[in-house]
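Reminder, nothing fancy here: chain letters follow the sequence lines and each chain counts from 1. These values consider heavy atoms only, across backbone and side chains, with no hydrogens, waters or symmetry-generated copies.
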There are 2 protein chains.
Amino acid sequence: MTSGAETEAPRRRSDATRAAILAAARDRFAADGYERATVRAIAHDAGIDPSMVMRYFGSKEDLFAAVIDVELDFPDPSGIDRDAVGVLLVRHFLELWERDGVLRTLLRVGVTNAAGADRLRDVFRTQLVPMARELGHGAADAERRAALVASQVLGMALVRYVLALEPAAGLSHDDVVAWLAPTVQRYLTAEAP
Amino acid sequence: MTSGAETEAPRRRSDATRAAILAAARDRFAADGYERATVRAIAHDAGIDPSMVMRYFGSKEDLFAAVIDVELDFPDPSGIDRDAVGVLLVRHFLELWERDGVLRTLLRVGVTNAAGADRLRDVFRTQLVPMARELGHGAADAERRAALVASQVLGMALVRYVLALEPAAGLSHDDVVAWLAPTVQRYLTAEAP
DNA sequence: AGAGAGAGTCAACAGGTGTTGGCCTACACT
DNA sequence: AGTGTAGGCCAACACCTGTTGACTCTCTCT
């Protein structure tokens with residue numbers, strides 16, 4: 001993230017610590033899941049005392065909420081090329097998954113933690129469903145198609161980043177796009193079977 | 001493990017307890033994941049003392065190993081109908097997911113627990129890869145195709161049973177088959193892109 | 001009937017967890 | 001220079017975890 005908005009320099013030196021805690025927490029949650037990512041381990045990674053985590057974020061749960069509260073700029077659904085939406089979406093997801101660890105964190109934690117699952121459903125509802133609606137489907141149909149897309153995209157993320165199932169984890173971006181884009185394209189634009 | 005050696009009826013009344021613990025553990029692991037499924041909670045569900053869990057299974061880890069050690073009879077890969085493999089596989093998976101909770105347990109735990117992830121990779125390697133090979137693909141290609149199938153099938157299980165993403169969770173079996181079977185069919189039999 | 005083992009309970013342990021409050025230190029401002 | 005305060009550490013708390021060993025009950029076999 002290049003901070004272009006802030007014209008003033010970071011006055012408080014606490015800002016650096018706060019950022020360090022957030023980064024350490026993101027990585028630990030992504031690597032270990034919610035329960036096994038201990039406050040002590042996160043504090044150790046950030047180079048500070050565990051009690052500082054509480055002072056800055058209140059509780060472990062609030063810290064996790066702060067981690068998953070970042071923006072996940074999806075492509076603008078309005079005016080997308082109807083025939084290229086599959087390629088566009090798969091490529092975009094690959095970049096999103098690999099840029100920072102937020103989506104990986106979300107997936108790993110969402111499986112056991114209610115707040116994580118909520119946020120995941122939220123991403124689905126505010127990003128994927130509008131895109132399906134933009135392609136001209138009614139409300140119920142759009143939700144169904146968005147869910148199908150989610151199943152394929154999340155499934156690939158699962159085998160690739162969480163389970164690290166070897167052949168999937170080693171596929172190039174182009175390979176993934178070549179195989180998955182037609183699937184996503186069909187889920188979004190093909191006639192209902 | 002089907003105990004083929006014992007021809008006699010279950011003599012010991014401990015067998016009932018053992019089964020009760022296994023069932024309670026399966027459900028708790030599936031519902032809460034590995035860490036949050038405590039030995040105390042499992043024992044409570046099974047109606048016995050926590051120490052009995054240890055006496056019967058040695059440790060929590062061994063208990064989990066026993067839970068995921070059950071057979072998951074997949075369809076015989078030899079002599080399958082090449083053009084119907086998509087429908088066959090998706091329908092079979094739906095039944096497998098909903099019959100007992102083992103696969104759901106595996107998915108939920110596999111995300112944070114190494115043993116669960118191992119077993120999941122094992123299922124993939126011993127069941128899905130041979131099926132791809134049976135369809136005439138070389139070793140590397142078969143693994144790639146099997147991984148693609150796994151991504152779609154596990155992804156649907158994820159949104160449907162773990163995240164309970166509403167439109168997906170409410171789809172009928174026929175709907176799921178109608179949408180997913182062509183995807184799986186393409187991953188297994190279409191020419192590589 | 002008596003003995004022995006199988007099945008089960010109880011209470012406690014050692015270690016790890018999130019969380020809290022008191023104390024120290026170093027900097028910024030007057 | 002003196003002082004207030006933000007930033008940080010330390011030690012402890014209450015609780016929960018997996019796990020253990022001693023004890024009791026109850027059936028079965030001789």
* Asked: Can a donor-acceptor pair be found between the side chains of Thr183(B) and Arg186(A) at a distance below 3.5 Å?
  -> yes
* Structure fact -> The correct set of residues in residues 104-116 of chain A placing a heavy atom under 4.0 Å from DNA chain C is none
Please give, in whole Å, the distance from [N] [atom2] to [X] [atom1]?
| X | N | atom1 | atom2 | answer |
| --- | --- | --- | --- | --- |
| Leu63(B) | dT17(D) | CG | C1' | 15 Å |
| Phe57(A) | dG18(C) | CZ | P | 15 Å |
| Ile21(A) | dG18(C) | CD1 | P | 14 Å |
| Arg40(A) | dG18(C) | CZ | P | 7 Å |
| Glu35(A) | dG16(C) | CD | P | 18 Å |

* To do: Show your working on side chain to side chain contact (heavy atoms under 4.5 Å, CB included) between Val111(A) and Leu158(B) and close with a plain yes or no.
  => CA-CA 8 Å; Val111(A) 170; Leu158(B) 183 75; 4.0 Å; yes
Would you tabulate the nitrogen or oxygen pairs shorter than 3.5 Å linking the protein to nucleotides 8-10 of chain C?
from    : atom 1 : to       : atom 2 : distance (Å)
dG8(C)  : OP1    : Thr17(B) : OG1    : 3.0
dG8(C)  : OP2    : Thr17(B) : OG1    : 3.4
dG8(C)  : OP2    : Tyr56(B) : OH     : 2.9
dG8(C)  : N7     : Arg55(B) : NH1    : 3.1
dG8(C)  : O6     : Arg55(B) : NH1    : 3.4
dG8(C)  : O6     : Arg55(B) : NH2    : 3.2
dT9(C)  : OP2    : Asp49(B) : N      : 2.9
dC10(C) : N4     : Ser51(B) : OG     : 3.0

* Is any side-chain heavy atom of Thr17(B) less than 4.5 Å from a side-chain heavy atom of Ile48(B)? -> yes
* Is the shortest heavy-atom distance from the side chain of Leu89(A) to the side chain of Leu188(A) under 4.5 Å? -> yes
* To do: Check the surroundings of atom NE2 in His92(B): do more than 12 heavy atoms from other residues, nucleotides or ligands lie under 6.0 Å from it?
  => yes
* Indicate yes or no for a side-chain donor-acceptor contact from Arg121(B) to the backbone of Leu163(A) under 3.5 Å, with no hydrogens or angles considered. => yes
* To do: Please round to the nearest 0.5 Å and tell me the distance separating atom OG1 of Thr105(B) and atom OH of Tyr34(B).
  => 13.0 Å
* Using the salt bridge (charged side-chain N to carboxylate O under 4.0 Å, His left out) rule, pick out the option among Arg40(B), Arg26(B), Arg28(B) that qualifies with Asp45(B). => Arg28(B)
